[in-house]
Amino acid sequence: MQGIGKMLIVAGIVLLIAGLFFVFSPKIPFLGKLPGDIMVKKENFTFYFPLASSILLSVLISLIVYLIRKFS
């Protein structure tokens, strides 16, 4: 039962961090406007794929998970 409790605590923390990210992400000036982000604008069509922003977030999340595993 302790394993399930720890897993629920970690899941709650992850959800809290994700929620805070969604609330404060519009206030981060460079997120979504990096040089590697792809944007195609046509007359009645806009396609946006944040490639560089996704890679940056992936690296940050991987670093956080690595540090959590190393120190716990």
Side-chain angles (χ1 to χ4, degrees):
M1 284 305 229
Q2 286 183 348
I4 294 173
K6 288 181 182 180
M7 187 172 61
L8 287 174
I9 291 172
V10 170
I13 292 171
V14 168
L15 286 174
L16 176 70
I17 291 170
L20 289 172
F21 174 76
F22 283 118
V23 168
F24 293 113
S25 65
K27 297 177 184 175
I28 301 173
F30 63 88
L31 191 62
K33 297 175 185 148
L34 293 174
D37 294 342
I38 300 169
M39 178 178 269
V40 177
K41 283 189 176 182
K42 299 282 182 168
E43 192 173 309
N44 293 326
F45 175 76
T46 302
F47 175 76
Y48 177 71
F49 186 73
L51 182 64
S53 297
S54 299
I55 292 171
L56 179 66
L57 286 175
S58 175
V59 168
L60 287 174
I61 291 170
S62 296
L63 179 66
I64 290 168
V65 169
Y66 170 76
L67 291 174
I68 288 172
R69 285 187 173 188
K70 184 175 181 179
F71 293 114
S72 63

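Everything quoted here is computed from the prediction, not taken from an experiment.
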Report task. Would you indicate whether the side-chain heavy atoms of Leu34 and Leu56 approach each other to under 4.5 Å? Result -> yes
Query raised in the report: Partners of Lys6 by side chain to side chain contact (heavy atoms under 4.5 Å, CB included), sequence neighbours excluded?
Result: none
Requested in this report: Please confirm whether the backbone N or O of Ser54 pairs with a side-chain atom of Ser58, one donor and one acceptor, at under 3.5 Å?
Outcome: no
Requested in this report: Determine whether Val65 and Leu60 fall in the same hydrophobic cluster, where Ile, Leu, Val, Met, Phe, Trp and Tyr are linked whenever their side-chain heavy atoms lie under 4.5 Å apart.
Outcome: no
**Report entry** Atom pair CG (Leu63) and NZ (Lys70), whose distance is rounded to the nearest 0.5 Å
**Finding:** 10.5 Å
Query raised in the report: Has the side chain of Asp37 got a donor or acceptor atom that lies under 3.5 Å from a matching backbone atom of Phe49?
Result: no
Query - Partners passing side chain to side chain contact (heavy atoms under 4.5 Å, CB included) against Ile17 (at least two apart in sequence or in another chain) - result: Ile13
Query raised in the report: Do the side chains of Ile38 and Tyr48 get nearer than 4.5 Å, heavy atoms only?
Result: no
Report summary line: Under a side-chain separation threshold of 4.5 Å, the hydrophobic residues clustered together with Leu16 are Leu20, Val23, Phe24
